[in-house]
Amino acid sequence: LMTAKSLASKETVNGRCWFYSDDDDGISVYLNRELHAMNTVVAQLQTQFQDYLVSLYQQGFLDNQFTELRKLQDEGTPDFVAEVVSLFFDDCSKLINSMSRSLERPENVDFKQVDSGVHQLKGSSSSVGARRVKNVCISFKECCDVQNREGCLRCLQQVDYEYKMLKTKLQDLFNLEKQIVQAGGAIPQHFPSYTILRPDIRPCLDA
Amino acid sequence: MASDGGVSCLRRSEMMSVGIGGIDSPPLDVDEVHVLAVDDSLVDRIVIERLLRITSCKVTAVDSGWRALEFLGIDNEKASAELDRLKVDLIITDYCMPGMTGYELLKKIKESSSFRQVPVVIMSSENVITRIDRCLEEGAEDFLLKPVKLADVKRLRNYLARDVKHSNGNKRKLPKDSPPLTLSPDSSDSSPPRSTLSPDSSDSSPPPSTLSPDSSDSSSPPLSPVEIFSSPLLSPLDDEVDDVLTSSPESTPSLVRRQKMRSPGLD
């Protein structure tokens with residue numbers, strides 16, 4: 001039943017697929033409705049994803065370096081960011097454990113080791129855009145410099161909390177990504193720019 | 001590591017092996033830019049390798065200065081056998097590393113007859129002027145502030161692209177009179193230049209405008225420090241959450257920067 005006229009043009013706008021034609025052919029409207037239904041699911045997921053990502057920046061979990069990491073990801077390497085942050089979280093766990101051991105006995109704290117651990121943690125958190133973790137490391141280093149064991153222990157606890165919190169948040173983000181891909185959509189690469197489709201290219205769905 | 005030299009998919013297992021040294025990498029295509037990256041941090045190695053691959057470089061990443069020297073064959077005399085495989089066009093190294101620092105590695109490379117002409121770039125998370133000066137004086141081509149961004153690597157890549165064709169074993173000829181950096185219009189990518197000039201900096205004239213009044217976080221990423229000495233630029237701090245949210249890659253104005261010149265009287 002699909003006539004040549006009804007399959008006039010196909011366009012992908014903002015990762016969503018639109019069919020439209022010049023005439024009010026009922027078939028093209030039907031096609032658009034079907035695609036619109038599919039697109040709606042994807043669109044909702046995409047909006048959810050973008051809103052969530054934006055909130056992570058707004059709440060200070062992430063900074064611009066995370067944006068930089070996302071630039072390095074493409075269809076050929078869809079798991080790049082997830083894999084890098086996974087290595088980062090492994091790093092966190094390892095370093096926190098070893099620093100914890102160094103801080104364990106008050107009479108024998110190896111501040112050099114702790115300082116080295118903080119330095120590494122600060123570096124890798126900075127490299128992945130883990131802003132809150134990085135900021136705790138800055139305070140942590142200050143405690144280490146003055147050999148403040150109590151302060152170090154507090155920072156250690158805080159850094160442990162922050163990395164685990166971020167891990168959970170990012171897990172949710174990556175899950176949304178998966179859902180988008182499974183629904184046949186593209187992962188938004190940029191922050192939402194709110195554009196309104198021109199009426200002449202928006203399909204007529206009210207027939 | 002995938003050996004296609006272009007954008008490739010690093011699987012987790014490949015990521016884990018990145019740090020091991022890549023000593024057994026296959027012979028290289030003469031026209032491909034080959035970069036040796038040195039960093040003790042696994043996360044940083046993964047990131048720098050990806051940054052370099054995205055800009056079409058072939059990468060060997062090692063986790064220490066010693067491994068780097070071993071790879072280059074500088075620390076032993078049997079280098080000649082591997083020489084035709086070791087076309088290294090750029091060495092990029094972290095400064096702070098246990099054992100041998102990036103600075104010490106730089107010195108050893110500059111002392112080597114086979115590799116002294118290979119440009120060496122230092123990366124550091126700390127913006128310490130004396131450290132930067134020391135490295136530049138020792139012959140480093142450039143100094144990148146961590147975290148390293150795509151724009152930083154693209155800039156290096158542009159600088160190298162001129163030299164790749166003049167292949168002469170490991171001696172890449174550098175154009176005689178060109179300064180180390182040629183800053184070109186950067187319209188293809190979103191990150192604005194970062195300024196090391198804080199509003200109350202006293203050692204150089206402040207840039208004309210657009211420094212955001214407060215950074216929401218204690219450590220704002222500055223320009224690559226060599227850029228301090230270039231002409232004042234429009235340079236919004238890019239760590240503001242607002243900037244991140246409102247700018248899409250296409251909307252950031254591209255900046256034309258004049259060629260960097262060494263500031264006289266730096267020493």
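Since this is a predicted model, take the numbers as computed values, not measurements. FYI, side chains are in, hydrogens and waters are out, and symmetry mates aren't considered; it's all heavy atoms of this structure.
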Review point. Between CZ of B:R45 and OG of A:S124, what distance do you get to the nearest 0.5 Å?
Key: 12.0 Å
Study note, to complete from the structure: Heavy atoms of A:S126 and B:P147 approach each other most closely as OG-CD, 3.3 Å
Exercise for review: Please check if atom OH in A:Y161 has more than 12 non-hydrogen atoms from other residues, nucleotides or ligands closer than 6.0 Å.
Suggested key: no
Point to revise | B:V148 to A:Q65 - nearest heavy-atom pair and separation | key: O-NE2, 3.2 Å
Practice item. Look up atom NE2 in A:H119 and atom OG in B:S41, then write down how far apart they are to the nearest 0.5 Å. Key: 9.0 Å
Check your understanding: CG/A:L72 to CD/B:E49 distance, rounded to the nearest 0.5 angstrom?
Key -> 12.0 Å
Practice item. Kindly indicate whether the side chain of A:T77, heavy atoms from C-beta on, has any atom under 4.5 Å from the side chain of B:R50. Key: yes
Review point. Are side-chain heavy atoms of B:L51 and A:E68 found at a separation under 4.5 Å?
Key: no
**Study point:** A:Q59, CD: over 12 other non-hydrogen atoms inside 6.0 angstrom
**Key:** yes
Practice item. Any chance you could measure B:I46, atom CD1, to A:S86, atom OG, to the nearest 0.5 Å? Key: 11.0 Å
Review point. What residue among A:D90, A:D91, A:V85 forms side chain to side chain contact (heavy atoms under 4.5 Å, CB included) with B:V43?
Key: A:D91
Exercise for review: May I ask you to decide whether A:K122 forms a salt bridge with B:D44, counting only side-chain N to carboxylate O separations under 4.0 Å?
Suggested key: no
Exercise for review: Go through A:G129, A:S127, A:G123 and name the one with the most non-hydrogen pairs under 4.5 angstrom from chain B.
Suggested key: A:S127
